[in-house]
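Computed over heavy atoms, backbone and side chain alike; hydrogens, waters and symmetry mates excluded. None of the values given here were measured: they were computed from a predicted structure. Letters A, B, ... mirror the listed sequences (proteins, then strands); counts begin at 1.
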Number of protein chains: 2
Amino acid sequence: MKRSLADRIEQYLKVLIERSEDKRIEIQRSELAETFCCVPSQVTYVIGTRFTEAEGYFTESRRGGKGYVRISRYYLENGVSAGHKELLAFIDELLQEDALSADESDLLKHLISYAFQDMPPEDRRRLFKQLRNVLVDYVNLD
Amino acid sequence: MKRSLADRIEQYLKVLIERSEDKRIEIQRSELAETFCCVPSQVTYVIGTRFTEAEGYFTESRRGGKGYVRISRYYLENGVSAGHKELLAFIDELLQEDALSADESDLLKHLISYAFQDMPPEDRRRLFKQLRNVLVDYVNLD
DNA sequence: CCCCTCTTTGACCTTTATTGACTATCTAAT
DNA sequence: ATTAGATAGTCAATAAAGGTCAAAGAGGGG
């Protein structure tokens, strides 16, 4: 798989975060840019698109001398989950359309809310998408 | 019988998938189009008509620079997946005990059979274990 | 021959990535 | 306090993919 510069920077940062003791790192934007031979705003782009709160990350920064960007991963703490709300909404739709019974939707919602909590957000997002597809498949079987 | 261009592209992709380690490939739409001397949307057509979920495939894509189309085949055969059989058996138990309705167990079995098939085996094993635990929770709610 | 379905093509659209000029905010030295 | 230098942020332009859709073409069965 050929990966873009943004992908490589993302990967690099995620490895650093996972290796860190407290799932938190501090980098210098311009230094990282130099490492990857790109403009500094590329780093900002990567952080802005791949380390969002929706994905379970929290970032802070400081400008000026000795500036830094800090990225913390927090997804294990809160129940914040990627795509969770959307999937629940979709199940509600199916319920409205009588494609699922109340019992079935209850069961699904319970599973979705409790069974996938400690997965990395990217994996969960993928899984939820797939779950949705398979659900569509299922309700169309009749 | 003369095979159409669409047929040949389909064949080509399926060979690649079967040869791949994890039954998953990533291609670039425009590159493949060039290989077959056709317009890129032809590739979209092939994927849309021959790699559907009903046929056991799951696709994802990304636009923009270094974009890709990923096609995964999920394993419709039962024997190969870790913990699959056990989880299905467990659901049957719950059904016997009237802890789940027939509709609910059908839904679950369908999800289990189709939604988690392209995960790495260890992840799936872990997920199934957790799924089982959450199910136990659920049926004990009453 | 006519009709229906599947295929092929291309014009136009949306999303994602990359870059750089300009701006805002710190720190530290004076 | 002022100011110079060092960082990081913003934003818009451009490039690089993939998606959509409708129209035209190609075959096959009646």
Side-chain angles (χ1 to χ4, degrees), chain A residues 1-14 16-17 24-55 57-72 82-83 86 121-122 125-126 129-130 132-133 136, chain B residues 1-14 16-17 24-55 57-72:
Chain A
M1 164 180 173
K2 215 170 174 191
R3 288 151 81 213
S4 65
L5 175 56
D7 288 336
R8 283 184 284 119
I9 295 175
E10 172 191 7
Q11 201 56 37
Y12 177 82
L13 290 175
K14 286 188 173 166
L16 285 190
I17 291 170
R24 158 181 314 202
I25 59 174
E26 263 174 35
I27 56 157
Q28 291 217 291
R29 189 181 78 143
S30 53
E31 185 189 296
L32 186 58
E34 201 153 314
T35 302
F36 281 91
C37 292
C38 64
V39 295
S41 56
Q42 177 75 280
V43 175
T44 303
Y45 172 73
V46 170
I47 289 169
T49 55
R50 275 109 155 137
F51 294 86
T52 66
E53 278 185 48
E55 321 222 12
Y57 294 90
F58 175 65
T59 71
E60 304 158 274
S61 68
R62 202 175 64 191
R63 305 185 187 191
K66 302 285 192 324
Y68 61 81
V69 177
R70 178 159 50 210
I71 310 176
S72 326
E86 290 76 5
E122 313 95 78
R125 186 191 316 283
R126 243 169 65 82
K129 197 169 154 192
Q130 203 157 350
R132 180 188 167 122
N133 287 335
V136 169
Chain B
M1 162 185 168
K2 181 141 195 301
R3 289 154 80 230
S4 67
L5 175 55
D7 288 338
R8 282 184 288 120
I9 295 175
E10 172 191 8
Q11 205 54 38
Y12 177 81
L13 290 175
K14 287 190 171 164
L16 284 190
I17 291 170
R24 162 185 316 197
I25 58 173
E26 263 172 35
I27 57 157
Q28 291 217 285
R29 189 181 77 143
S30 53
E31 189 187 291
L32 186 59
E34 203 154 310
T35 303
F36 282 90
C37 292
C38 62
V39 295
S41 55
Q42 176 76 287
V43 175
T44 303
Y45 172 72
V46 171
I47 289 170
T49 55
R50 273 104 157 147
F51 294 86
T52 66
E53 285 169 53
E55 324 218 14
Y57 294 90
F58 176 64
T59 72
E60 302 161 277
S61 68
R62 197 173 71 186
R63 305 187 185 188
K66 300 289 191 306
Y68 58 81
V69 177
R70 178 158 51 210
I71 310 176
S72 327

Consider the side chain of [X], meaning its heavy atoms from C-beta on, and name the nucleotide among [options] that approaches it most closely.
X: B:S61; options: D:dG19, C:dA17, D:dG9; answer: D:dG19
X: A:S4; options: C:dA17, D:dG19, C:dT27; answer: C:dA17
X: B:Y45; options: C:dT9, C:dC6, C:dT18; answer: C:dC6
X: B:D7; options: C:dT7, C:dT18, D:dG19; answer: C:dT7
X: A:Q42; options: D:dG18, D:dT7, C:dT19; answer: C:dT19
X: B:R50; options: C:dA17, C:dT25, C:dT7; answer: C:dT7
X: B:V39; options: C:dG10, D:dC11, D:dG19; answer: C:dG10
X: A:R63; options: C:dT18, D:dG9, D:dG19; answer: D:dG9

Check the distance between [N]'s [atom2] and [X]'s [atom1] and give it to me in whole angstrom.
X: A:F36; N: C:dT19; atom1: CZ; atom2: P; result: 13 Å
X: A:R29; N: C:dT18; atom1: CZ; atom2: C1'; result: 14 Å
X: B:I47; N: D:dA17; atom1: CD1; atom2: P; result: 16 Å
X: A:R3; N: C:dT16; atom1: CZ; atom2: P; result: 18 Å
X: A:L5; N: D:dA16; atom1: CG; atom2: P; result: 14 Å
X: A:I27; N: D:dG9; atom1: CD1; atom2: C1'; result: 13 Å
X: A:L32; N: C:dT18; atom1: CG; atom2: P; result: 13 Å
X: A:K66; N: C:dA28; atom1: NZ; atom2: C1'; result: 9 Å

- Task: Please answer whether the main-chain N or O of B:D7 pairs with a side-chain N or O of B:S4 as donor and acceptor at a distance below 3.5 Å.
- Result: yes
- Query: Counting only N and O atoms by type, is there a donor-acceptor contact under 3.5 Å from the side chain of B:Q28 to the main-chain atoms of B:G67?
  - Reply: yes
- Query: B:C38 or B:G65: which one's nearest nucleotide on DNA chain C is closer to the 5' end?
  - Reply: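 Its nearest nucleotide lies further toward 5', so the answer is B:C38.
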- Message: Measuring from atom CD of B:E60 to atom CD1 of B:I71, what distance do you get when rounded to the nearest 0.5 angstrom?
- Response: 11.0 Å
- Item | Straight-line distance of B:E55 CD to B:T52 OG1, nearest 0.5 Å |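 One gets 3.5 Å once the value is rounded to the nearest 0.5 Å.
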- Can you tell me if CD on A:E34 sees more than 12 non-hydrogen neighbours from other groups inside 6.0 Å? no
- Message: I'd like to check B:R50 versus B:Y45 (side-chain heavy atoms, cut-off strictly below 4.5 Å). Are they in contact?
- Response: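 They are in contact (side-chain heavy atoms under 4.5 Å apart), so the answer is yes.
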[N] OP1/OP2 closer than 4.0 Å to side-chain N/O of [X]:
X: B:S30; N: D:dG18; result: yes
X: B:S41; N: C:dG10; result: no
X: B:R62; N: C:dA17; result: yes

- Give one of base, sugar-phosphate or nothing for B:G67, where a contact means two heavy atoms less than 4.0 Å apart.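 Sugar-phosphate only.
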